[in-house]
Amino acid sequence: MIETILNQYENGTHTLTDMEIAELLSAQGSDRDAVFAAARHARTAHFGNNVFLYGFVYFSTYCRNNCNFCYFRRENSHPPRYRKSPEEIVETAVQLGNSGVHLIDLTMGEDPYYTDHPERLAELVRMVKQETGLAVMVSPGVVSDECIRQLAEAGADWYALYQEIHNPELFQTLRADQSYEVRMHCKTVARSLGMCIEEGLLTGVGETVSDRIHSFREMEHMGAMQVRTMTFVPQEGTPMMARRQSEFSDELLNIAVMRLLFPNRLIPASLDVDGLNGLESRLMAGANVITSIIPPREGYAGVAHASQDIDEGYRTVAGVQDTIQACGLQPATTEQYQTWLRGIRK
Ligand code: SAM
Ligand code: MD0
Ligand code: SF4
């Protein structure tokens, strides 16, 4: 019974078994509400009412890969392709910093302009850190060990690389010509160099409940300090375009279960998946970071929703305030974020 599982959990003496996690992931109705409430309780115990805010700078949308789920895959002619100049990137990062974000996430497609020249990427990290004074996350895709080393040396705090799924066969249906092992290897390298790593899961791509549980165990095993889950959103012009988008409930239950399993870790509520409308349910499921905050009208794209809510200014620090408050939360200070980061890196 869900109630028994949650009671035992809250007594703090019990680690969740696979069977119990499976039950939590299948919760419905009032049981589901109880799982979310337990997740919020676990969040409060570690973070109080604080939430963190991440600015998202998708600075190059060129990509050498052909991921079947992604709008920006090489062969898709629909998406906006751009590569922002270093000056523009720094200016955007500073603007985001002034608006109140706690971290800048520098994201790119696997653009050879950078993957073949790691020093260019390292220099961007250096400049953004210096000009904003904020923590920096890099999401460059799979890059060489040497590139990761240069990123660490440049002071990148986080390396984000989502496996999407930890079932190698299913992985191959998403990232056909890419290596499961090499993608995992990059995270090991980043971790060994002292960077924090973020792992992530897609939902609605054919995964089973046991795949999801296996992914949580892998996240634990690799020591990910931030763990995310996003519902797959079908994209025009891609092989997976005709797939039906799944309900958000799997994503929400993943968030809640991850919060119970990793109470002191960061779990994003991404504005990219369901815009501002979807924020409240993700925060109420136990997320504690709002990601994909994007400056309006500067020509920057999102990923799962390349343009939704961006130019309207809903994906901004100001745009998310009411929702944060409605959830009984508040934005943390930059100092609080830095303190958390120092603590987890020890
Ligand atoms: N190119 C780098 C990489 O693949 O790791 C970083 C950028 S990539 C766009 C970041 C993430 O966006 C992917 O790992 C995936 O989780 C997510 N994503 C891409 N397409 C998506 C879609 N259609 N629906 C939901 N999430 C998506
Ligand atoms: C997000 N669109 O946070 C961004 C992206 C990459 N590190 C993050 C998936 O939703
Ligand atoms: Fe490129 Fe990343 Fe999209 Fe794959 S998910 S096509 S690597 S931008």
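In this chain, numbering begins with 1 at the start of the sequence shown. Ligands are counted one by one from 1 in listed order, and the atoms in each one are counted from 1 as well.
Remark: R120 pairs with Y113, Y114, H117 by the side chain to side chain contact (heavy atoms under 4.5 Å, CB included) rule, at least two apart or across chains.
N65 places no side-chain N or O within donor-acceptor distance of the main-chain N or O of C67, the cut-off being under 3.5 Å. With E110 contributing its side chain and V142 its backbone, the two residues share a donor-acceptor pair below 3.5 Å.
In R297, the CZ atom is crowded: over 12 heavy atoms of neighbouring residues, nucleotides or ligands sit closer than 6.0 Å. In this structure, F232 places its CZ atom where more than 12 heavy-atom neighbours from other residues, nucleotides or ligands lie under 6.0 Å away.
Figure legend: cation-pi geometry between R175 and F69 absent, as NZ or CZ is not positioned both under 6.0 Å from the six-membered ring centre and within 45° of its axis. Relative to the ring axis of Y300, K84 places its NZ or CZ within 45° and under 6.0 Å from the centre.
We find that R64 and D111 are not joined by a salt bridge, their nearest charged nitrogen and carboxylate oxygen being 4.0 Å or further apart.
Annotation: ligand 1 has protein neighbours Y58, F69, C70, T107, M108, G109, S139, G141, L161, Y162, E164, R175, R183, L202, M230, T231, F232, V233, Q235, V303, A304, each with a heavy atom less than 4.0 angstrom from the ligand.
Neighbours of atom 4 (Fe) of ligand 3 restricted to protein N, O or S atoms under 2.8 Å: the count is 1.
No option in I310, L103, V303 other than V303 meets the side chain to side chain contact (heavy atoms under 4.5 Å, CB included) test with F56. Each of L16, L25, T229, L260 was scored for a side chain to side chain contact (heavy atoms under 4.5 Å, CB included) with F216, with one residue passing: L25.
Aromatic pair F72/Y58: centroids less than 6.0 angstrom apart. Checked against the 6.0 Å centroid criterion, the rings of F171 and Y180 qualify as a close aromatic pair.
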Can you pull every nitrogen or oxygen pair between ligand 2 and the protein closer than 3.5 angstrom?
from, atom 1, to, atom 2, distance (Å)
ligand 2, 2 (N), D272, OD2, 3.1
ligand 2, 2 (N), S292, OG, 3.1
ligand 2, 3 (O), R228, NH1, 3.1
ligand 2, 3 (O), R228, NH2, 3.2
ligand 2, 3 (O), T291, OG1, 2.8
ligand 2, 7 (N), D105, OD2, 2.7
ligand 2, 7 (N), S139, OG, 2.8
ligand 2, 7 (N), Y162, OH, 2.8
ligand 2, 10 (O), R228, NH1, 3.2
ligand 2, 10 (O), S270, OG, 2.4

Do E199 and H166 pass the side-chain hydrogen bond (donor to acceptor under 3.5 Å, both in side chains) test, and can you show the C-alpha distance, the side-chain angles, and the key distance before you say yes or no?
CA-CA 11 Å; E199 178 58 300; H166 297 80; 2.8 Å; yes

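For ligand 3, the atoms lying closer than 4.0 Å to a non-hydrogen atom of Y58 are 8 (S).
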